[in-house]
Amino acid sequence: MTRRPTRAAMAVAAAAALVAAGTAACSGGDDDGKITLSVGLFGDFGFGPLYEEYSELHPEIEFEERIAEFADHHTNLTTHLATGSGAADIEAVEVGYISQYTAQPDRFHDLLDLGAGDLEGQWLDWKWQQALSADGESLIGLGTDVGGMAMCYRRDLFEAAGLPVERDEVSALWAGSWDDYVAVGHQYSEATGGDYFFESSGNMFRAMVEQAEQGVYDREDNLVVESNPAIGEAWDLTVEAIEAGMSNRLQAWTPEWNAGFSEGTFATIICPAWMTSYIETNAPDAAGLWDIATVPGGAGNMGGSHLVLPAQGEHAEEAYEFLEWLTAPEQQLKVFESTGNFPSTPELYEDPALTDMSKAYFNDAPVGQIFTDAAQAVEPQYQGPLQGDVLATIGQGLGRIEDGSQSAEEAWSQVVGDLESF
Amino acid sequence: MTVTAKGAARPSPAGLWRYRLDLKASPYLYIAPFFALFAVFGLFPLAFTAWVSTHEWSLLSDEHVFVGLGNYQALLTDPYFWNALANTISILLLATVPQLFAALLLAHLLTMRLRGQTFWRMGMLLPNVASVVAVAVIFSQLFGRDFGLVNWVLESLGAGRIDWQAGTASSHIAIAVMVAWKWTGYNALIYLAAMQAVPKEVYEAAHLDGASRLQQLFQVTVPMIRPTVVFTVIVSTIYGLQIFAEPQLFAGGGANGVTGGASRQFQTLTLYLYEHGFNRGFQFGYASAVAWTMFAVIVLVALLNYVFIRRIRSAS
């Protein structure tokens, strides 16, 4: 009998504690008049110092950054949009996924309503267009970086293989086309007795496709993987490179891929601006060994992101105000300085602060100039709704040739079959 | 109780009624919370999943078209589904059979007189405490193609390197090792608990008859703890048929993490469900059909196991 009241009291206390915890969690962020903006990213966008700077300008705003893995980030975002809860106030969307979201503009705050209409001239035309809904009536995101492509290479490995080392000479090696690049690859393999020329065939294939006038979709969102000759050519050349043993067979973003950088197991990698920071992070000891040349086959964009405001976010105005500030040229320049993510605002392309920049890690390569040239030369390519998934499916086909489980023909027919289910 | 003990004052009719009600209804009230929770978080989702599985139901659209058994039909004619089923069963066998034998042997060793008995017994449980994700990440590194420890050892022993991920058999073995590492100790402890309930006299009799330690294990212990063996087999089967994190992380993320390798060489049923439910299209209808089919498969395999284990008993 005596124990009963104690138990009851404990139960009540426990229940009270739960309720208290629940309410505390719900009201989190808004007490004492402060607003916490959550920012959902895939990887480090280099925003850390900018949050602090903004909070100094606007003491009522605080930030909470959530970082997820690339594919998971987009999957989560789609789920959160569909279920109407769980998304951050500000979310990053990579270019391969942007069309999937512009197809459902009502799930986002329309930035034109929030005041973005006057800013159109600030971004590269195509960067702006990519975030417009199909009817052009609403804008779901503002551009952060673009991925004009270059080619990073290891000076020491090139030298050992008897190839030129200086970046102009290296650029000249494959100035003609991707065929020249593969020819250099043959040379490299012979000289080194079969060392790997590049890290993954999927990236090489993707680079070629991004450079083409038309990618995997036509403007009516029909898949044109089979009918687009550019894709067939890219596939064949990639298969040639695989069969010659040039690929390190690393899958991007895996631990093995990361290790490949630090161990120096491959000689070249396609380098959109954002790749430079991955190389630096993954191979801190290789400073001075890497350098940057131009990419074969002309200009093209690979990657780059937009920041969007999901409609379920409650602080639309505050979030928009921050977004506008964050994507303004001054801030994009700061991001470039700290991470290498290249600005999408052409105003900076004339600015010596950008164009004169070089990176000691890449043997003092003039990254500002290289990526400015690359970004200005980009001819925008239409991105269809499942762009990212389509390229991943084709990349898996190449992976099956790489690991020897299928012939090129088998892999291609499976790719075609898989794409039919899209 | 006080009433009957005193036996003096007769209870009022109202008191009696309340007493009876207490006696009849209270037990149900005590167990009700579990069933209420089960109904909300178990039964309802189960039924709702069945309902969703009869629709073309995408998370991206608000229109849900009734298609009857269409999803099941599409599922059963999809070669990738059968591939996933075969992979799952292969990984299940590779993981569970050696695991349970090892657990049995370990438990047998633990029944012997050892110094620091508690230490060894607790040690058994340690791998099980580690999170699945941590286990999968670390083992994926160990089984890495270029810089993995396993390949390094193989190479220094003069054997060739293995691309663990690329091959069907090699990837299944790698995943089975992760599962076995996590669950062997757990099962060993369960066996140990059961073994301690076996009367000592039986062993003494067996010993007098000249049975060796190993013979005692398989002729005496195993038949005596048969219900426990049935339990572990069924629990391992249920777990094994739902393996998800291990293959997902083994692939290293990206598209291969969803399809279980570029050739779907280690895509399990749960990964197959995930591929359709939480990737392109977010086809919840189809994914629900996969879930129910998995449920049927698990019940079927558990029943088969049960029958199989029973036969072992009657044979001995």
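Keep in mind that this is a model prediction, so the values were computed, not measured. Below, chain A is the first sequence line, B the second, and so on; all start at residue 1.
- For B/E56, the CD atom is loosely surrounded, since the number of other residues' heavy atoms within 6.0 Å does not exceed 12.
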Cut-off 3.5 Å, no hydrogens considered: what does the side-chain donor-acceptor table look like for residues 39-51 of chain B, sequence neighbours left out?
| from | atom 1 | to | atom 2 | distance (Å) |
| --- | --- | --- | --- | --- |
| B/T49 | OG1 | B/P45 | O | 2.5 |

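- A/D72 is not listed as a side-chain neighbour of B/F278, based on a closest heavy-atom distance of 4.5 Å or more.
- For the atom pair CD (B/Q283) and OG (A/S421), the distance works out to 8.0 Å, reported to the nearest 0.5 Å.
- With chain A as the partner, the residue from B/T168, B/T259, B/N256 showing the most heavy-atom pairs under 4.5 Å is B/N256.
- No more than 12 heavy atoms of other residues, nucleotides or ligands shown are found within 6.0 angstrom of CD on B/Q73.
- Of all residues in residues 396-404 of chain A, those placing a non-hydrogen atom less than 4.5 angstrom from a non-hydrogen atom of chain B are A/Q396, A/G399, A/R400, A/D403.
- Scanning residues 92-103 of chain A against chain B with a 4.5 Å heavy-atom cutoff picks out nothing at all.
- Interface with chain A: from residues 134-144 of chain B, residues B/Q141, B/G144 qualify, criterion being any non-hydrogen pair under 4.5 Å.
- Contact of A/D418 with chain B is made through the side chain alone, with heavy-atom distances under 4.5 Å.
- When heavy atoms are compared at a cutoff of 4.5 Å, A/T79 approaches chain B by way of both its backbone and its side chain.
- A 4.5 Å side-chain heavy-atom check between A/T75 and B/N279 finds at least one atom pair inside the cut-off.
- Across A/L250, A/T83, A/T78, the residue that shares the most heavy-atom pairs under 4.5 angstrom with chain B is A/T78.
- A donor-acceptor contact shorter than 3.5 Å links the side chain of B/R145 to the backbone of A/R249.
- Here the shortest heavy-atom pairing between B/L59 and A/A82 reads CG-CB, 3.2 Å.
- Chosen from B/S263, B/A251, B/A262, the residue pairing most often with chain A at heavy-atom distances under 4.5 Å is B/A262.
- Here CD of A/E256 is found 7.0 Å from CZ of B/F147. Values are rounded to the nearest 0.5 Å.
- Dense packing is recorded around CZ of A/R66, with more than 12 heavy atoms of other residues, nucleotides or ligands lying under 6.0 Å away.
- With a 4.5 Å cut-off on non-hydrogen atoms, A/R107 touches chain B through its side chain but not through its backbone.
- For a residue to count as touching a neighbouring chain, one of its non-hydrogen atoms must lie under 4.5 Å from one of that chain's; by this rule B/D146 touches chain A with backbone and side chain alike.
- Of the listed residues (A/A411, A/A71, A/P255, A/A259), the one with the most heavy-atom contacts under 4.5 Å to chain B is A/A259.
- Heavy-atom distances place the side chain of B/Y274, and not its backbone, under 4.5 Å from chain A.
- Contact count versus chain B (heavy atoms, under 4.5 Å) is highest, among A/T265, A/L81, A/N248, for A/N248.
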